[in-house]
Protein chains: 2
Amino acid sequence: MGLTGMDRTDDSLIALRRILRATELFGKELASAAGLSPVQFRVLQLVAEKGLTTPKGLSVQMGVTQGTVTALLDKLQRQGMVSRERSEVDRRQMNIAVTEKGRETLANAPDPLQQRYVRKFEALEDWEQAQLIASLERVAAMLDADEMDASPVLDVGELKGRPA
Amino acid sequence: MGLTGMDRTDDSLIALRRILRATELFGKELASAAGLSPVQFRVLQLVAEKGLTTPKGLSVQMGVTQGTVTALLDKLQRQGMVSRERSEVDRRQMNIAVTEKGRETLANAPDPLQQRYVRKFEALEDWEQAQLIASLERVAAMLDADEMDASPVLDVGELKGRPA
DNA sequence: TGGAGTTATTTTGATTGGCGAAGCAACAAG
DNA sequence: CTTGTTGCTTCGCCAATCAAAATAACTCCA
């Protein structure tokens, strides 16, 4: 059986792996460019996106334990990237916010992955963009949606409220 | 500016992140199912794919240093998953091969990500599959191809020899 | 032959990310 | 006020990673 079924599946998996690999490598690039580790950078981004979060929120979003988040925040705080303040409404909680320095770091750290991708994506024809989005969302759905706990995490996706 | 340009880019990035996240989580699942860490599993897979490799080859393929690979192979070897033998032709090199146990482990470790994905992918209409592949490859190209060192890594992709 | 330089691997000594369990403080419900 | 729950931190541990140094083997040139 020549170019049918299985081969196509392979092709799609290969493309997927390429995507995964590219993003992984760029993550490292990014990290060192910003003077933060990939994970630290990600935390900083999440905090910035939210404006204000809690360790708990981050741990759920990132799928790691709270202890891990604490450690990461320790480092970010030591570097002056985020601030930690006890919440007034519920004093068990800590409010995490980005500092000015953190914001600058984010602003000055060009995310090579996104920048390159964004540039190219925006150069595409309208219908191509639409097509790509449809495909990516479809793949994403095949990977996570059903059959899974529907994820504690979607966050970004939820903000945008995808259909399905 | 309503639903144009930027929003689309966002949508595509969100889908991308969803894909990334799903694979990351499944990696962990997989790992524990197989009794190996995600990275160890990946190494084992790579070795199996190649049939015979060297630490150097693996380090390039994975984008990590050789020291790291050595450590990983130590563990896999201790668990009887791979064998290390000095190469006859160049005795600086070590030949890494999967053992029977390693092969079994791979066979019995259901890759939930791939399985789920594969099942769904194969259920798609022909034209849908083609469309998805085209889109994924396009995205992959936008992420890695040009502008980058053309990557030391493609490996799987090279086996299949994609065009472009 | 015999260096000099290069390449493949391992070793060593860090750091980071991650987990689980234990501990502590604050809230919630009786 | 007790009991249970929740949010966070601490602690001890392990895996993954790196950079740099040490070894060993190869290559090449004179």
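Only heavy atoms go into these numbers, but all of them, side chains included; no hydrogens, no water, no symmetry mates.
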B/Leu58 atom CG is separated from C/dT10 atom P, nearest whole Å, by 11 Å

Send over the distance from A/Gln61 CD to D/dG7 P, rounded to a whole Å.
15 Å

Taking salt bridge (Lys or Arg N to Asp or Glu O under 4.0 Å) as the cut-off, I'd like each qualifying pair that reaches into residues 96-106 of chain B, sequence neighbours left out, listed once.
B/Glu100-B/Arg103

Which listed nucleotide (C/dC19, D/dG7, C/dT9) is nearest to the side chain of B/Gln66?
C/dT9

Using a cut-off of less than 4.0 Å, is there contact between a side-chain N or O of B/Lys75 and OP1 or OP2 of D/dA16?
yes

On a heavy-atom basis, the closest approach of B/Arg86 and B/Arg91 is NE-O, 2.5 Å

Of D/dT10, C/dG18, D/dT17, the nucleotide closest to the side chain of A/Thr70 is D/dT10

What's the CG-C1' distance between A/Leu73 and C/dG18, to the nearest Å?
14 Å

Just jot down the side chain to side chain donor-acceptor pair (under 3.5 Å) partners of B/Thr68, sequence neighbours excluded, or say none.
B/Thr65

Can you name the residues that form a side chain to side chain donor-acceptor pair (under 3.5 Å) with A/Asn95, not counting sequence neighbours?
none

In whole angstroms, the gap separating C1' of C/dT12 from CG of B/Asp74 amounts to 13 Å

Think B/Thr65 has a side-chain N or O under 4.0 angstrom from the OP1 or OP2 of D/dC18?
yes

By nearest atom, which of the nucleotides D/dA16, D/dT9, D/dT17 is closest to the B/Gln40 side chain?
D/dA16

I need the CG-P distance between A/Leu72 and C/dT16, as an integer number of Å.
11 Å

Report the residue from A/Val43, A/Val64, A/Thr70 that forms a side-chain contact (heavy atoms from CB on, under 4.5 Å) with A/Leu58.
A/Val43

Provide, to the nearest angstrom, the distance between the CG atom belonging to A/Leu36 and the P atom belonging to C/dT16.
11 Å

Protein-nucleotide distance (A/Lys56, atom NZ; C/dA26, atom C1'), rounded to Å
15 Å

Across all chains, not counting sequence neighbours, the side chain to side chain donor-acceptor pair (under 3.5 Å) partners of A/Gln79 are none

Contact list please: residues 79-94 of chain B against DNA chain D, heavy atoms, distance less than 4.0 Å, in numerical order.
B/Asp90, B/Arg91, B/Arg92

For B/Arg138, all residues meeting side chain to side chain contact (heavy atoms under 4.5 Å, CB included), sequence neighbours excluded:
A/Leu124, A/Glu128, A/Leu132, B/Met142

What nucleotide, of D/dC8, C/dT10, D/dA16, holds the atom closest to the side chain of B/Thr68?
D/dA16

